[in-house]
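Note: hydrogens, waters and symmetry copies are ignored here, and every other heavy atom, side chains too, is used. Counting starts at 1 for both ligands and their atoms, following the listed order.
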Amino acid sequence: MAEHYGPIFKLNIFGDTHVIISTQKIAEDLMARRGAIYSDRGHLNMVHLVTGSGDLLASSSEGDYWRRGRRFSAAMLTPAKAAQWEPFQEQAAKRMVIDMVKSPSRYVYWFDRYATTVSLRECYGKILTTAEEEEHHTHKIAERMHNIERIATPGGYLVELIPAMMYIPECLAPFKQEAKALHLIESTYFRQLVQEARSKYEQNVQETPASFIRCFFEDPKWELTEPEVTYVLGTLYGGGSGTTANAMQSFILTMCHYPDWQAKLQKELDEVVGSSRIPSFEDISRLPLVRAVAKEVLRWRPVVPGNLPHRLTQDDEYEGYYIPKGAIVHGNQWAIHREEELYPDSENFNPSRFLEKGYPTYKEPLDTNPNIKRFSAFGFGRRICPGLETADRSLYIQIALLAWSCHITKKIDAFGKEIPVPWYDYTEGSNVMPKKFEFDLKPRSQERMELIRASLTKS
Ligand code: HEM
């Protein structure tokens, strides 16, 4: 569409103006530089009903609740604060690798479990001790995210097209009954997590581990009520769970398609880390290819290809182009990530674009670049993903450990032929992942697996 209509164009959908932006420059000019008027969100009646009163931070209007919730989230997720979770991320990544080797076909679960255990630890200080507990919470948050995805999908509910339906009494409106049931499930779950954390905190403050909720309990400056913080944390927990896991699924898919890049990744890890110790966060500054691969996976197969829609709060004009107040503005990541001037030969997965002089996206020094700070895969302006400092660490450590210890290939069928892996067969919705595909994953050596296992039992 962008090729046909240009880098910015308008669509009228059932009376709403939608503006589609397909270049980095326009996205930055409008959503970042004019962020004061481009940072509201569109209102979805079903999301509003399911989350109680529009309390999901990611979908809430740019009002007082969003500002306070956003301030709290940003303070919890600064680079310095993000670093404190590295030991848990390393631990969870090692467990992911060990189980992945045992059962690669359960890859979706292993990546989801990684994200769930890390998010629960960060948000609520919660440590899961049994496999049953892990399964329970991993499924619970995955199901919740699928429900939100489903109800937020355009065209799913008539009430989004005919807002007057909101006046129909609940007993005559099945959509309201469904929303109420979903609200009860998710709000009960989020509330239980907060209550459990509070009772542990009140029983023994000294023993309560660091977490976002502990910061909330200890400091009244956040000016959030407990019901509000319950949903802010619910958003961070949910936001951190699906996205990182989806990106890791795309990483596996990419390695199946590009074995040469996997070999280069393994070479970098072998040179920097060697075979007698495990990669850790301390190595990341000397692993530019690990960072470049993570960034290129997010560029090539963005997790949120259409970004989350921003809403304009007053009439605006951009280079002679009129954009009315209330317009719903889409930063089309899929197209932005395929801008040829920025990403030459953009259909090709090529981490060199961040590592070699001559590419427009090359940047020195290579001990900190490439990185994903302010990268379009995380959105734009005041609504940019607040979780990117923990997301990048999660991607780096999982990619480093997987590539150091394992070899990922396409699967071979009973006749010795490779089972093809699709280039783009993804789920629909705002937050996408590859549909289930087959691949093979083998340890590069038993010694490396043994090192991982031994380090796990030690800590
Ligand atoms: C690979 C991982 C991730 C990707 C690709 C991703 C991507 C995004 C994108 C595209 C947005 C919308 C930005 C916009 O509207 O312009 C967003 C918003 C958000 N993300 Fe992430 N995210 C990731 C991980 C995380 C993590 C780990 C957390 C929590 C710790 C998180 C929490 C949030 C929240 C709370 C919002 C809503 C912000 C707001 O509306 O003010 N995300 N994310």
Side-chain angles (χ1 to χ4, degrees), residues 21 24 27-28 30-32 35 38-42 47 51 54-63 65-78 81-82 85 89 111 114-124 141 145 148 152 211-212 231-251 294-295 297-311 328-334 336-337 372-396 398-399 429-433:
I21 297 173
Q24 176 79 29
E28 288 286 327
L30 297 184
M31 287 186 278
Y38 277 88
S39 301
D40 202 6
R41 288 272 195 234
V47 173
T51 59
D55 280 339
L56 189 68
L57 199 60
S59 62
S60 64
S61 305
E62 196 200 6
Y65 161 72
W66 175 75
R67 281 197 190 85
R68 286 178 289 117
R70 178 87 203 189
R71 188 167 73 95
F72 176 73
S73 312
M76 295 303 110
L77 293 158
T78 58
K81 285 242 168 75
W85 310 115
Q89 290 171 304
F111 289 138
Y114 167 92
T116 303
T117 50
V118 169
S119 290
L120 278 175
R121 179 64 189 77
E122 291 174 355
C123 291
Y124 308 98
I141 194 67
M145 294 311 285
I148 287 287
S211 68
F212 304 165
Y231 255 91
V232 171
L233 289 176
T235 316
L236 293 175
Y237 172 28
S241 299
T243 45
T244 319
N246 293 6
M248 285 308 299
Q249 292 183 39
S250 290
F251 165 74
K295 189 165 182 173
V297 166
L298 291 170
R299 181 199 71 82
W300 193 60
R301 293 294 181 255
V303 177
V304 196
N307 204 43
L308 296 187
H310 292 211
R311 195 182 181 99
I328 299 161
V329 181
H330 304 265
N332 180 0
Q333 288 187 21
W334 184 265
I336 290 169
H337 293 182
I372 52 185
K373 289 184 201 334
R374 295 184 57 233
F375 184 39
S376 46
F378 292 90
F380 306 93
R382 297 180 185 189
R383 286 282 184 168
I384 197 168
C385 175
L388 56 81
E389 285 286 347
T390 74
D392 64 353
R393 287 170 169 78
S394 281
L395 297 179
Y396 300 157
Q398 290 184 92
I399 289 174
S430 57
N431 189 342
V432 303
M433 64 180 118

Looking at Phe380, which atoms of ligand 1 are within less than 4.0 Å of one of its heavy atoms?
16 (O)

Would you check if the side chain of Arg41 reaches a backbone N or O of Ser59 as a donor-acceptor pair within less than 3.5 Å?
no

Record the part of Ala377 in heavy-atom contact with ligand 1 below 4.0 Å; permitted values are side chain, backbone, both and neither.
backbone

In total, how many protein N/O/S atoms does one find closer than 2.8 Å to atom 21 (Fe) of ligand 1?
1

Measure the distance from atom 10 (C) of ligand 1 to every protein heavy atom, then report the residue, atom name and distance (to 0.1 Å) of the closest one.
Asn307 OD1, 3.2 Å

Indicate yes or no: does an N/O atom of Trp66 lie under 3.5 Å from an N/O atom of ligand 1?
yes

Checking Glu62 now: which residues fulfil salt bridge (Lys or Arg N to Asp or Glu O under 4.0 Å) with it, not counting sequence neighbours?
none

Suppose we screen for side chain to side chain donor-acceptor pair (under 3.5 Å). Which residues come up paired with Ser430, at least two apart in sequence or across chains?
Glu149

When you measure from the side chain of Arg299 to the backbone of His337, do you find a donor-acceptor pair of N or O atoms at a distance under 3.5 Å?
yes

The closest protein heavy-atom partner of atom 39 (C) of ligand 1 is Arg70 NH1, 3.4 Å

In Å and rounded to the nearest 0.5 Å, what is the CE to CG distance from Met31 to Asn307?
6.0 Å

Examine Thr390 against ligand 1 and note whether any of their N/O atoms are separated by less than 3.5 Å.
no

Of Leu57, Leu233, Leu77, which meets side chain to side chain contact (heavy atoms under 4.5 Å, CB included) against Phe72?
Leu233

What about Gln333: any of its N or O atoms under 3.5 Å from an N or O on ligand 1?
no

What part of Glu122, side chain, backbone, both or neither, has a heavy atom within less than 4.0 angstrom of ligand 1?
neither

Any nitrogen or oxygen of His310, side chain or backbone, less than 3.5 Å from one on ligand 1?
yes

Counting from 1, what ligand 1 atoms have a heavy atom of Leu57 closer than 4.0 Å?
40 (O)

Do any N/O atoms on Arg41 end up under 3.5 angstrom from N/O atoms on ligand 1?
yes

Within this structure, what is the CH2-OG1 distance for the pair Trp66 and Thr235, rounded to the nearest 0.5 Å?
13.0 Å

Under 3.5 Å: donor-acceptor pair, side chain of Glu122, backbone of Thr117:
no

Would you check if the side chain of Glu28 reaches a backbone N or O of Gln24 as a donor-acceptor pair within less than 3.5 Å?
no

Considering only protein heavy atoms, which is closest to atom 13 (C) of ligand 1, and at what distance to one decimal place?
Arg383 O, 3.1 Å

State the atoms of ligand 1, each with its element, that fall below the 4.0 Å cut-off from a heavy-atom position in Leu308.
12 (C), 15 (O)

Taking everything shown except Arg67 itself, do over 12 heavy atoms lie less than 6.0 Å from its CZ?
yes

Say whether, by atom type as modelled, one donor and one acceptor occur between the side chain of Thr78 and the main chain of Lys81 under 3.5 angstrom.
yes

In chain order, what residues pass the ring pair (Phe, Tyr, Trp, His ring centres under 6.0 Å) check against Phe251, with sequence neighbours excluded?
none

